[in-house]
2 protein chains.
Amino acid sequence: MKQTETGHPPFAVTVDLVVLTIRGGRLQVLVVERGEEPYVGQLALPGGFVRPNEDLPTAAARELAEETGIAESTSHLEQLATYGRPDRDPRMRVVSVAYLGLVPDLPDPVAGTDAAASRFMSVDPLLKRPRRLAFDHGTILADGVERARAKLEYSALAAAFCAGQFTVAELRAVYEAVWGVELDPRNFHRKVTGTPGFLTPTGITTTRGGGRPAQLFTRGPTSQLNPPILRG
Amino acid sequence: MKQTETGHPPFAVTVDLVVLTIRGGRLQVLVVERGEEPYVGQLALPGGFVRPNEDLPTAAARELAEETGIAESTSHLEQLATYGRPDRDPRMRVVSVAYLGLVPDLPDPVAGTDAAASRFMSVDPLLKRPRRLAFDHGTILADGVERARAKLEYSALAAAFCAGQFTVAELRAVYEAVWGVELDPRNFHRKVTGTPGFLTPTGITTTRGGGRPAQLFTRGPTSQLNPPILRG
DNA sequence: CCAAAAGTGTTTGATTTACACCCATGG
DNA sequence: CCATGGGTGTAAATCAAACACTTTTGG
C-alpha cells in the first residue's frame, strides 16, 4: 500500500549486536571503542551496515564473526528488536536491527580484523550508566539483558552459555549469573535432570571443580519448555 | 563502525501490522486487498512506508488509524519483529518492521481513507495456507499469533481485546479464543480476581449475557505477571 | 580421615484441578 | 419456578522449597 506516494525515503539499515557471555561468575557484554565521529572514544555495541544483498541474520552472523571470530555454529543468535528514532544517529536516518547473541566463555577475542578493539565488560555498571554507551546502545543493552533473563525461564537457552559439554553445576552458575540469585544446588539438579529433552547425558564424568566427579551433559533436543524450567 | 566502507546502501523501510481481535469467539486478523502490483488482488497485512522524520511506533499507530480508525489509546501496539530478506519484495530492497496490535471487537472498520478495503478474517485458515497472503506476510502473521499466545500466559494483555469494561466471562472468552482451549469458569474467576493488580473492579454489574449479574472490571495497573497468570 | 562437591530422599506448604454447591437475575 | 450463567467451598493431586543425608573423589 501507498508505495507511490512520493517515492520512498531512503534509510540506512544496520545490525547491532548484544553479545553476552559469562566470565568470572558475571554476565558480560561485548563492546567496542568507537574510532570515529560521532561519539569518538566512547564505548558502543559492535555492529555495521547491512549489505545490499544480505539477509539480516546473515549480517548479524557476519558481524559477530568479524568482531569476535566466533562462528555462528558456536553461538545462539536471535533477533532482539529494531530501533529507528529519527534522531538516534546525528548523521542520517539509520534503522538498526539489534540481535542478541549468547556465547560460551571463550578465550579473549581473536585479534583479527575488527576484533582488536573489542572486549567483554560486566553489564551491571553499563546498565546503571546507560549514557556510557554511544547512540541508544544503553537502551538496546538493557533490552537484550532483559530478554536473556526472561528466556532462561521458559527455554533451554542457558546451555548456549556453556561450550560443548558441561556439568549441572556449570549450568547452575549460568542461571545465578544472569539472574543474580543463588539457587539450591540439590533442587536445581533434580529439576534440570528431571526435565525430558533438556539435557543429554554423555556418560562421561569430570572432576574439574573438585569433589565428587560430576556427569557431563550436552544440550538436549528441546528448546522450548512449558511449564518454565525455573522461576526467576 | 564501518560506515565509510562504500557509503551506505539505500533501503526502504515499512511498517506492517498484525492487528488481532476476537469476533464470534474466534481470533481474527485485519487484512487488506492489494490494489497494485505485485500481488494484485491478493490479501496482505496493512502497512506502509515510514516517513522521513517519523518514529517507528508513530508510523505503526498512524497506519492503524488510517486502516481502521482505531486510535492508539484504544489498543495495544508493540513491536513484533523485523523482516528483511533481500527477495521479500520484487521491486526493491525493503525492510519491514512488523507491529502486533490487539484491539477490542469494534464495529466494522470505518469506511474512511484506506479503511474501505480492510476487513477482519479468522486466522486459522490463513495459518494453514500462508501463501494466501502477499510477500512474507504469512510468516509475519504466524509470528504475531504465536507472540499473542505466549504473552497471554504471563501478562495482563488479554484485557486489550476487551473494550473499556468487561466481565470475567468475557475475559475468559479471550483466552479460550486465542489458545483454542476450554477453561473452567470457576477456577478462572478465582485466579484472575485473586491476582492483585490484574483487574480493577468497577462496582457496577451487568446482565448482558443472561443469568446472574456479573461484575464489570477494567484493566488493572499491572501489566507484567510473575508467575504466569494461566498456563497454556 | 577430612574437605569439597555430587547427587538422593523426605517433609512441608503452596498451587492447581476437579467438581459439588449456592446465588441472583430474566422470562 | 426454572433455566442460565455468576460466584464460593473444598478435597485430592501436583509442584516447589527447605534441608538431612549419602556418595565419590583429591589431598
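Naming: A, B, ... by sequence-line order, numbering from 1 per chain.
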>> Can you list everything that forms a side chain to side chain contact (heavy atoms under 4.5 Å, CB included) with V95(B)? Sequence neighbours excluded, please.
In response: V13(A), F11(B), T82(B)

> Closest to the Q215(B) side chain: dA24(C), dG7(D), dA18(D)?
Replying inline: dG7(D)

> Do T167(B) side-chain atoms and E170(B) backbone N/O form a donor-acceptor pair below 3.5 Å?
Replying inline: yes

> Heavy atom of residues 153-176 of chain B under 4.0 Å from DNA chain C: which residues?
Replying inline: none

Short N/O separations, protein against nucleotides 1-4 of chain C, under 3.5 angstrom:
none

> In terms of side-chain heavy atoms of R186(A), which of dT25(C), dA17(D), dT8(C) is nearest?
Replying inline: dT8(C)

> Mind checking what makes side chain to side chain contact (heavy atoms under 4.5 Å, CB included) contact with R85(A), not counting sequence neighbours?
Replying inline: D87(A), R88(A), D55(B)

> What's the NE2-C1' distance between H189(A) and dT23(D), to the nearest Å?
Replying inline: 12 Å

> Which residues satisfy the ring pair (Phe, Tyr, Trp, His ring centres under 6.0 Å) test with F135(B), sequence neighbours excluded?
Replying inline: Y39(B), H137(B)

> How long is the line joining CG of D184(B) and P of dG5(D), in whole Å?
Replying inline: 15 Å

> When you measure from the side chain of K191(B), which nucleotide among dA18(C), dG7(D), dT16(C) comes out closest?
Replying inline: dT16(C)

>> Under 6.0 Å between ring centres: does that hold for F188(A) and Y175(A)?
In response: yes

>> Let's go through L27(B) and V145(B) carefully: what are the C-alpha distance in whole Å and the side-chain angles of both, what is the deciding distance for side-chain contact (heavy atoms from CB on, under 4.5 Å) to 0.1 Å, and is it a yes or a no?
In response: CA-CA 9 Å; L27(B) 188 63; V145(B) 170; 4.2 Å; yes

> Who pairs with S155(A) by side chain to side chain contact (heavy atoms under 4.5 Å, CB included), at least two apart in sequence or on another chain?
Replying inline: K151(A), L157(A), Q224(A)

